[in-house]
Amino acid sequence: MAVIVLVEHTEGNIKKKSFEAVQYAANIAQKTGTGVTAVVLGTVAEAEMTALGQYGAQKVLHVADARLDELHARAYASALMTAIQKEDSKVIVTLHDINGRAVAPRLAVKLKAGLVAGALSYPDMANGFVIKKAVFSGKAFAFVNITSDVKVISVMPNTFPLQSIDGKATIEKLEVTFGDKDFGIKVKEVNKVKGEVSLADAELVVSGGRGMKGPENWGLIEDLAKEMGAATACSRPVADADWRPHHEHVGQTGGTIRPNLYVAVGISGAIQHLAGVNGSKTIVVINKDPEAPFFKAANYGVIGDAMEVLPRLTEAVKRFKETHK
Ligand SMILES: Cc1cc2nc3c(=O)[nH]c(=O)nc-3n(C[C@H](O)[C@H](O)[C@H](O)COP(=O)(O)OP(=O)(O)OC[C@H]3O[C@@H](n4cnc5c(N)ncnc54)[C@H](O)[C@@H]3O)c2cc1C
């Protein structure tokens, strides 16, 4: 009856956000008196998998098929179904990211299960199985009670602070019989995102909007990001105009991030942009218009011209680092 959790990796390295998913599953397991079985798909070293015990997994079911190194949503769902049947699981946890968003609904349909997509809280089991999630692009919250016997939950990354424990998971190989269509979609090309800090996992993000005027000014954003050890992001019109690559675009139609610090420069703060960033722990807005809507969502604001504020901020960060070595 273990809680099943899908664990993700990049080139064999388990993603930090997957530890959150495992910890989330462990919370449910503790409340329901069950255990946690993590499902790892593709090529991952044993030491990486046993370390999942530090976040509450007792067991790893490993499907060592190299085709699963890339996302194949149908194949992932088939592998998870095999694991779910083996463990007789009633609760399945994934991340609410590209992989989880593709896999969780497929599982919910196959299992006739209720699904909460983008969980922001651990389930409250005092009155059912109630989970908080954001709705209307983050403008409101819904508290959803999953009443079905089997429950599927995709967890919003960067929501639950990690706390490691002593523990080692055991590893078991899982054989899966895949269907004809499981690998029906062929990935023809993978363009790896270059950059020192991955946006999805970044704790600090510096982001630019149309107020930056053009790509020739992006050095100012990059200089500050480099000094802070931050990733860079942008608003949608910036990516649409090819000032920045599309993988940096955040918002309703782009990535959803929840860093500890989001610095928004020359971004108006339209609801569609906020949808991707309003889970950030602290928001700093730099905008020359004191009426810019983003100030309403900000913890700190600087009213000023980005071209003047950014170099001074970068200098200040540099000085701070020098005096706090
Ligand atoms: C269906 C739909 C989906 C969308 N999805 C997204 C999405 O995912 N992400 C997204 O970002 N947008 C999205 N949008 C677009 C969104 O509505 C806004 O148009 C967009 O976010 C505005 O981008 P911006 O703030 O960079 O530009 P603008 O709205 O043009 O704002 C520029 C800001 O820069 C300030 N500024 C100008 N010059 C300076 C300066 N020198 N120094 C400091 N500040 C300055 C201005 O005061 C202004 O506030 C979507 C829209 C629709 C309809």
Side-chain angles (χ1 to χ4, degrees), residues 95-98 100-102 117-118 120 133-140 154 156-158 193 195 198-202 204-225 227-228 230-259 261-317:
L95 283 165
H96 192 63
D97 63 356
I98 288 178
R101 283 192 226 192
L120 291 175
K133 63 166 282 178
V135 290
F136 301 121
S137 298
K139 279 279 181 197
S154 62
M156 191 63 90
N158 294 335
V193 173
S198 134
L199 179 57
D201 298 324
L204 312 173
V205 175
V206 181
S207 184
R210 215 150 36 180
M212 289 304 297
K213 311 290 185 217
E216 65 282 4
N217 294 321
W218 232 263
L220 296 173
I221 297 274
E222 285 168 338
D223 286 349
L224 177 60
E227 218 43 70
M228 290 171 50
T232 52
C234 68
S235 66
R236 177 172 157 171
V238 163
D240 285 347
D242 272 342
W243 296 0
R244 297 300 288 176
H246 260 290
H247 63 78
E248 282 197 2
H249 144 211
V250 288
Q252 187 183 315
T253 48
T256 302
I257 55 171
R258 302 171 66 80
L261 176 65
Y262 184 71
V263 183
V265 190
I267 304 176
S268 56
I271 183 174
Q272 296 89 354
H273 183 85
L274 289 176
V277 303
N278 59 7
S280 308
K281 309 271 183 315
T282 302
I283 296 180
V284 176
V285 168
I286 302 171
N287 199 303
K288 68 175 188 183
D289 174 8
E291 302 297 322
F294 219 150
F295 282 121
K296 291 204 181 92
N299 301 90
Y300 301 94
V302 180
I303 300 167
D305 187 330
M307 312 305 155
E308 289 167 21
V309 175
L310 281 174
R312 288 169 66 181
L313 198 51
T314 306
E315 249 332 285
V317 173

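Order of appearance sets the numbers: ligands from 1, and atoms from 1 within every ligand. Quick caveat, the model's predicted, so the values are computed rather than measured. The figures here come from the full heavy-atom set of this structure, side chains too, leaving out hydrogens, waters and symmetry mates.
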Task: L310, V309, L313 screened by side-chain contact (heavy atoms from CB on, under 4.5 Å) with V302, the one that passes - done: V309
- [ ] Could you tell me whether P237 and ligand 1 have an N or O pair separated by under 3.5 Å?
- [x] no
Open item on the list: Under 4.0 Å, counting heavy atoms only: does P293 come that close to any atom of ligand 1?
Closed with: no
Task: atom 42 (N) of ligand 1: the protein heavy-atom neighbour that sits closest, reported with distance to 0.1 Å - done: A306 N, 2.8 Å
- [ ] Starting from atom 49 (O) of ligand 1, find the nearest protein heavy-atom neighbour and note its residue, name and distance.
- [x] N287 ND2, 2.9 Å
Open item on the list: Need the ligand 1 atom indices (1-based, order shown) with element for anything under 4.0 Å from a heavy-atom of A270.
Closed with: 16 (C), 17 (O), 18 (C), 21 (O)
- [ ] Before accepting this row, confirm whether a basic side-chain N of the pair E222/R244 lies closer than 4.0 Å to the acidic partner's carboxylate O.
- [x] yes
Open item on the list: When you compare ligand 1 with V250, is there at least one nitrogen or oxygen pair between them that comes in under 3.5 angstrom?
Closed with: yes
- [ ] Please check if atom NZ in K281 has more than 12 non-hydrogen atoms from other residues, nucleotides or ligands closer than 6.0 Å.
- [x] yes
TODO: Please could you name the atoms of ligand 1 that G254 approaches to less than 4.0 Å, counting only its heavy atoms?
DONE: 8 (O)
Task: Proximal ligand 1 atoms for D289, defined as those under 4.0 Å from one of its heavy atoms - done: 47 (O)
TODO: Check ligand 1 against S235 and write out every atom of the ligand that is under 4.0 Å from a heavy-atom position of the residue.
DONE: 11 (O), 23 (O), 24 (P), 26 (O)
Open item on the list: Quick check on contacts: which atoms of ligand 1 are under 4.0 angstrom from a heavy atom of G209?
Closed with: 26 (O)
Open item on the list: How far is atom 53 (C) of ligand 1 from the closest protein heavy atom, and which atom is that?
Closed with: Q272 NE2, 4.0 Å
